[in-house]
**Q** 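Supplied in structure tokens, the structure appears directly below.
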Amino acid sequence: MTDLRVSVWRGDESGDQEYFDVPRKENQTILDVVTYIQRNLDPTLSYRYACRVGMCGSCAMSVNGVARWTCRTHVDKVCDTDELELRPLDNFPVVKDLVCDMQTFFNKQKKAGGAFQGSKSRDDGLAIIKPDSKGRMAVDKAIECIGCGVCYASCDIIKWNPDYLGPAALNRAWTLVEDERDTRRVDRLRAVSGDAGCHACHTQMSCTQRCPKLLSPTHSISGLKREVTRAALKGEI
Amino acid sequence: MSPQHSAYLWLAQRVTALVLAACVIVHLITMIIAVQGGLTAGEILARTQGSIAWLLFYSVFVVAIVVHAPIGLRNIAREHLRWAKGADIAAVLFGLLLLVLGFRAVWGVFS
Ligand code: SF4
Ligand code: SF4
Ligand code: FES
């Protein structure tokens with residue numbers, strides 16, 4: 001197997017692509033490639049990962065122009081040639097090299113009412129949620145979000161309107177809107193409505209196409225639009 | 001814009017989109033039928049003048065456009081021109097312009 005010619009972003013907001021030659025192996029992931037560079041070629045390269053098995057959501061970056069989780073992306077799947085271009089995720093400020101600043105991304109989850117607020121205490125025992133209840137079924141996929149930011153990096157609206165809450169935050173809000181234990185429904189519907197909220201979404205589904213967990217934030221956002229409208233007509237918001 | 005107003009704008013745009021879909025179909029079919037054997041002003045006016053049904057149809061068509069188009073343009077202005085308040089005012093003015101021009105045309109072929 002020939003070497004991979006890997007170009008990697010070096011710097012923060014300003015910087016340049018730097019080239020490395022990495023031996024190609026079978027079943028090699030993009031994260032393996034980055035780790036090889038850091039361990040063998042340049043220990044100053046910064047990048048993020050934790051679980052290596054698609055659970056923590058920390059390893060996402062732009063791979064040949066497409067946002068992906070890197071621990072579960074095989075080189076063979078994304079590389080027809082021997083060239084690989086790695087950059088930090090789009091739509092995020094860059095801290096250094098492949099590490100981006102997730103603060104705004106997570107703050108937007110808070111802003112969209114992403115914190116659960118129940119009415120019971122720990123002494124009340126566990127709430128029983130029927131697996132086939134309407135609300136639980138509506139969020140069956142959406143609750144699997146790992147907060148990787150791939151959807152956020154793939155959404156054009158965030159480029160046009162940096163205040164837009166984005167697919168992950170709205171998806172999170174949707175899971176709580178449909179959560180029968182939660183008590184902040186009306187506040188949350190208020191928070192997600194408007195030009196920086198669910199109404200800004202163009203339903204173009206880049207987020208849904210790219211989400212590595214195969215979730216559909218677009219579907220969640222449509223659900224929010226529906227619920228917000230209902231609440232407005234009832235005079236709740 | 002309040003959360004409630006945003007929701008109403010969105011709803012108004014969806015509902016008028018539905019109305020427009022139906023109106024456009026009727027409009028296209030009428031056009032295809034109308035151009036058979038040549039298109040003349042006389043033929044169009046013979047169909048529409050004094051016809052309450054066409055008056056109502058084109059009035060609904062115009063109202064749907066007046067509501068639908070400015071909401072979309074407002075969004076485009078906000079996203080691509082980064083207008084905020086200005087976009088609201090421009091959209092309302094554009095809606096009024098459509099209203100005047102639209103009803104002028106509707107009345108023109110009715111009376
Ligand atoms: S919705 Fe998908 S792409 Fe977006 S943060 Fe969650 S897991 Fe990642
Ligand atoms: S569907 Fe909506 S949230 Fe998803 S990428 Fe498109 S505009 Fe962004
Ligand atoms: S390292 Fe945890 S998801 Fe990739």
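Proteins get letters first, then strands, A, B, ... in listed order; numbering begins at 1 in each.
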**Q** Within a 6.0 Å radius of atom CZ on Phe94(B), are there more than 12 heavy atoms belonging to other residues, nucleotides or ligands?
**A** no
**Q** Examine distances only and state if a side-chain atom of Tyr8(B) and a backbone atom of Ala232(A) form a donor-acceptor pair shorter than 3.5 Å.
**A**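 Here the side-chain-to-backbone pair exists.
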**Q** Is it the case that atom NZ in Lys111(A) sees more than 12 heavy atoms from other parts of the structure closer than 6.0 Å?
**A**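 No, because the 6.0 Å sphere around NZ of Lys111(A) holds 12 heavy atoms or fewer from other groups.
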**Q** When rounded to the nearest 0.5 angstrom, what distance separates CH2 in Trp10(B) from SG in Cys198(A)?
**A** 8.0 Å
**Q** Non-hydrogen atoms of chain A under 4.5 Å away: do they reach the side chain of His80(B), the backbone, both or neither?
**A** side chain
**Q** Step through the shown structure and confirm whether more than 12 heavy atoms of other residues, nucleotides or ligands are within 6.0 Å of NE2 on His202(A).
**A**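 Yes, because the 6.0 Å sphere around NE2 of His202(A) holds more than 12 heavy atoms from other groups.
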**Q** To check you understand the geometry: which heavy-atom pair defines the closest contact between Ile157(A) and Glu79(B), and what is its length?
**A** CD1-OE2, 4.2 Å
**Q** Sort Lys159(A) into side chain, backbone, both or neither according to what part of it lies under 4.5 angstrom from a heavy atom of chain B.
**A** backbone
**Q** If I compare all heavy atoms of Ala7(B) with all of Val228(A), which pair ends up nearest, and what's the gap?
**A**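 So the minimum-distance heavy-atom pair works out to CB-CG1, 3.7 Å.
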**Q** Say you draw a straight line from CH2 of Trp160(A) to CD1 of Ile76(B); how long is it, rounded to the nearest 0.5 Å?
**A**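 The CH2 atom of Trp160(A) sits 9.5 Å away from the CD1 atom of Ile76(B).
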**Q** Distance check, rounded to the nearest 0.5 Å: Ile237(A) atom CD1 versus His5(B) atom NE2?
**A** 10.5 Å
**Q** Can you name the one residue among His199(A), Lys225(A), Arg190(A) that meets side-chain contact (heavy atoms from CB on, under 4.5 Å) with Ser6(B)?
**A**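 Passing option: His199(A).
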**Q** Take a 6.0 Å sphere around CD of Glu236(A) and say whether it holds more than 12 heavy atoms from other residues, nucleotides or ligands.
**A**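 Above 12, so yes.
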**Q** What are the two closest non-hydrogen atoms of Arg74(B) and Asp195(A), and how far apart are they?
**A**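 Taking every non-hydrogen atom into account, NH2-OD2, 2.8 Å.
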**Q** How about CG on Leu39(B), more than 12 heavy atoms from neighbouring residues, nucleotides or ligands closer than 6.0 Å, or not?
**A**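 Result for CG/Leu39(B): enclosed.
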